[in-house]
Number of protein chains: 2
Amino acid sequence: MARPRSPKLSAPAIADAALCLVDKHGEFTIPQLAKAMGVSPSSLYNHVVSKDDIVEMMRGAAMGEIELPEPGGDWVDTLRQIAKGYMRSYAKHPKLIPLFTAHTVRDEGTLRVYDLLARAFAAGGFGAADSLAAITVLDSFVLGSALDAAAPSQVWESAEENSAALNAALEAGLAVQDRAWTTFEYGLELLLAGFQLQGNSTQQEEPSRTA
Amino acid sequence: MARPRSPKLSAPAIADAALCLVDKHGEFTIPQLAKAMGVSPSSLYNHVVSKDDIVEMMRGAAMGEIELPEPGGDWVDTLRQIAKGYMRSYAKHPKLIPLFTAHTVRDEGTLRVYDLLARAFAAGGFGAADSLAAITVLDSFVLGSALDAAAPSQVWESAEENSAALNAALEAGLAVQDRAWTTFEYGLELLLAGFQLQGNSTQQEEPSRTA
DNA sequence: ACCTGAACACCGTTCAAGT
DNA sequence: ACCTGAACACCGTTCAAGT
């Protein structure tokens with residue numbers, strides 16, 4: 001049983017299986033992955049160059065799922081939609097996030113997102129340097145929020161000063177995800193309001209789309 | 001040469017040596033660490049329960065260095081100082097941050113910070129639920145910014161649309177750190193302005209210190 | 001109490017060998 | 001072209017043994 005007539009493996013299939021393991025256990029191992037795919041560990045290396053390579057493919061898969069807004073609406077609204085889509089796709093695989101906080105990489109999907117953000121800020125009247133800073137701020141906030149959602153830095157559960165309603169919500173298990181999302185939206189609106197203010201004060205010429 | 005008259009190791013010394021390795025290489029290994037300390041790998045386990053334990057101690061050491069503001073000033077200014085101190089202590093060991101994005105832990109130092117933040121928001125007129133959200137937002141932003149500073153998600157270096165001055169700054173190597181810090185301050189001010197607005201609208205009773 | 005050396009189960013990766 | 005099994009260098013951790 002050496003070479004099957006049709007390949008048992010492929011790069012995307014490997015990434016999928018790895019993503020599945022990470023969603024379940026928060027990490028993955030080459031032997032684990034091979035076992036899950038019914039294959040020997042060394043076989044994987046016919047389709048993939050290294051474990052890091054697999055992590056990168058998972059990032060690409062996650063980022064590729066982002067729902068991006070149609071261009072042409074209000075620029076602040078565009079920012080809001082991108083940020084939410086970004087966050088949502090992170091939220092689908094929370095365990096994955098810590099895995100790629102180490103590398104600096106940008107795959108095609110990530111580039112697409114940055115490009116749309118840059119366009120939106122340009123439409124809002126931001127100069128190059130300003131929109132660079134603004135994009136970084138937005139990106140940092142989304143990433144930080146996603147990490148917090150994955151592994152909340154606090155156990156608020158037992159806080160006695162909380163309102164009864166909140167404590168009730170906290171004790172229901174599902175609240176964790178919801179609360180993270182609500183908090184994310186709250187912070188996002190703070191940032192967007194700031195961007196709005198700054199944009200409006202500079203935005204005289206250039207009515208709508210700037211490529 | 002079995003037991004020396006005075007111990008060659010101690011928990012804090014191990015954490016320090018590990019922190020030094022991480023600052024240099026971005027990771028550390030038990031054999032590496034043992035070698036750096038002139039000791040056999042198994043010796044470490046007389047002072048430390050696991051590798052994760054060492055990571056936790058490093059977190060504590062990093063958080064312990066935070067310079068916290070005197071209580072009593074303007075609450076927004078207090079928030080600003082805490083956030084900056086927080087960020088500054090992260091910035092001292094950028095390679096360390098990815099290491100503890102996996103665990104959820106809170107050591108004494110982290111608790112101290114949260115407590116001060118809670119007091120500041122209370123002084124600003126925030127209710128319990130609101131300040132919970134606000135603290136999370138601030139925390140997420142600082143963490144995301146620190147991660148971005150450690151491993152910028154973009155290589156802006158070659159952007160032709162940048163101003164000449166910016167590109168010049170970028171090409172000088174030191175700019176990376178400075179730019180990350182400037183961007184952090186920019187985003188922080190956006191958030192603080194939002195908090196300020198929200199706080200002022202609710203802050204009638206309760207003149208100064210609460211708790 | 002504290003360090004050593006040998007040992008264990010595991011990991012990521014390579015490579016000759018098979019078809 | 002694609003899978004296997006054996007092999008390599010490494011890892012984190014345990015534990016009996018020494019003093």
Side-chain angles (χ1 to χ4, degrees), chain A residues 1-61 95-96 98-103 105, chain B residues 1-61 95-96 98-103 105:
Chain A
M1 163 197 321
R3 167 152 108 94
R5 4 175 61 260
S6 78
K8 308 168 71 172
L9 295 176
S10 74
I14 291 173
D16 266 19
L19 191 50
C20 181
L21 282 180
V22 169
D23 283 344
K24 227 178 295 174
H25 311 114
E27 53 189 1
F28 78 101
T29 253
I30 298 288
Q32 263 175 31
L33 182 54
K35 189 174 196 180
M37 304 190 78
V39 113
S40 129
S42 49
S43 304
L44 300 174
Y45 291 89
N46 282 293
H47 305 266
V48 134
V49 24
S50 67
K51 188 180 180 182
D52 277 357
D53 189 31
I54 300 179
V55 172
E56 274 319 298
M57 295 176 56
M58 289 194 282
R59 188 210 298 269
K95 308 295 199 66
L96 186 56
L99 285 197
F100 46 60
T101 51
H103 318 204
V105 209
Chain B
M1 172 198 313
R3 167 152 108 95
R5 6 181 53 260
S6 77
K8 307 169 72 172
L9 296 175
S10 75
I14 290 174
D16 266 19
L19 191 51
C20 181
L21 282 180
V22 169
D23 283 343
K24 227 179 296 176
H25 311 114
E27 52 190 2
F28 78 101
T29 253
I30 297 289
Q32 263 174 30
L33 183 53
K35 190 174 195 180
M37 304 190 77
V39 114
S40 133
S42 50
S43 303
L44 299 174
Y45 290 89
N46 282 293
H47 305 266
V48 135
V49 26
S50 69
K51 188 180 181 182
D52 277 358
D53 188 31
I54 300 179
V55 172
E56 273 320 297
M57 293 176 58
M58 290 194 282
R59 188 209 298 267
K95 308 295 197 64
L96 186 55
L99 286 196
F100 46 61
T101 51
H103 320 204
V105 209

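This one's a predicted model, so the numbers in the text were calculated from it and none came from an experiment. Below, chain A is the first sequence line, B the second, and so on; all start at residue 1.
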(Q) Taking donor-acceptor contacts at under 3.5 Å, does the side chain of Ser42(A) reach the base of dG5(D)? (A)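 Answer yes: a donor N or O sits under 3.5 Å from an acceptor.
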Q) Which residues, if any, of residues 11-29 of chain A bring a heavy atom under 4.0 Å of DNA chain C? A) Thr29(A)
Q. Which residues in residues 33-40 of chain A have at least one heavy atom lying under 4.0 Å from any atom of DNA chain C?
A. none
(Q) Strictly below 4.0 Å: does Ser43(A) bring a side-chain N or O up to OP1 or OP2 of dC2(D)? (A)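 Ser43(A) to dC2(D) OP1/OP2: no side-chain N or O under 4.0 Å.
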**Q.** Partners meeting side chain to side chain contact (heavy atoms under 4.5 Å, CB included) with Ala13(A) (sequence neighbours left out)
**A.**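 Result, side chain to side chain contact (heavy atoms under 4.5 Å, CB included) vs Ala13(A): Ser10(A), Met37(A).
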If you look only at distance, which donor and acceptor atoms sit under 3.5 Å apart when one is on a side chain in residues 42-50 of chain A and the other is two or more places apart or in another chain?
| from | atom 1 | to | atom 2 | distance (Å) |
| --- | --- | --- | --- | --- |
| Ser42(A) | OG | Ser40(A) | OG | 3.1 |
| Ser43(A) | OG | Ser40(A) | O | 3.1 |
| Asn46(A) | ND2 | Ser43(A) | O | 3.3 |
| Ser50(A) | OG | Asp52(A) | N | 3.4 |
| Ser50(A) | OG | Asp53(A) | N | 3.2 |

Counting side-chain heavy atoms from C-beta on, which of [options] comes nearest to [X]?
{"X": "Tyr45(A)", "options": "dG12(D), dC3(D), dT14(C)", "value": "dT14(C)"}
{"X": "Asn46(A)", "options": "dT4(C), dC2(D), dT13(D)", "value": "dC2(D)"}
{"X": "His47(A)", "options": "dC2(D), dC11(D), dT13(C)", "value": "dC2(D)"}

N/O contacts under 3.5 Å, protein versus nucleotides 7-9 of chain D?
none

Q: Rounded to the nearest 0.5 Å, what's the gap from CG on Leu33(B) to CD1 on Ile14(B)? Could you check?
A: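 Separation between the atoms: 6.5 Å.
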(Q) What's the separation between atom NZ in Lys95(A) and atom NE2 in His25(A), rounded to the nearest 0.5 Å? (A)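 Between Lys95(A) NZ and His25(A) NE2, I get 8.5 Å after rounding to 0.5 Å.
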Q) Does the side chain of Pro31(A) reach to within under 4.5 Å of the side chain of Lys35(A), using non-hydrogen atoms? A) no
Q. Name the stems with DNA chain D in them: runs of three or more consecutive Watson-Crick or G-U pairs, distances under 3.5 Å?
A.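 Stems (3+ consecutive pairs) listed as C:4-8 with D:12-16, C:12-16 with D:4-8.
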Q. Between Thr29(B) and Lys51(B), which heavy-atom pair has the shortest distance, and what is it?
A.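 Minimum heavy-atom separation between Thr29(B) and Lys51(B): CA-NZ, 4.5 Å.
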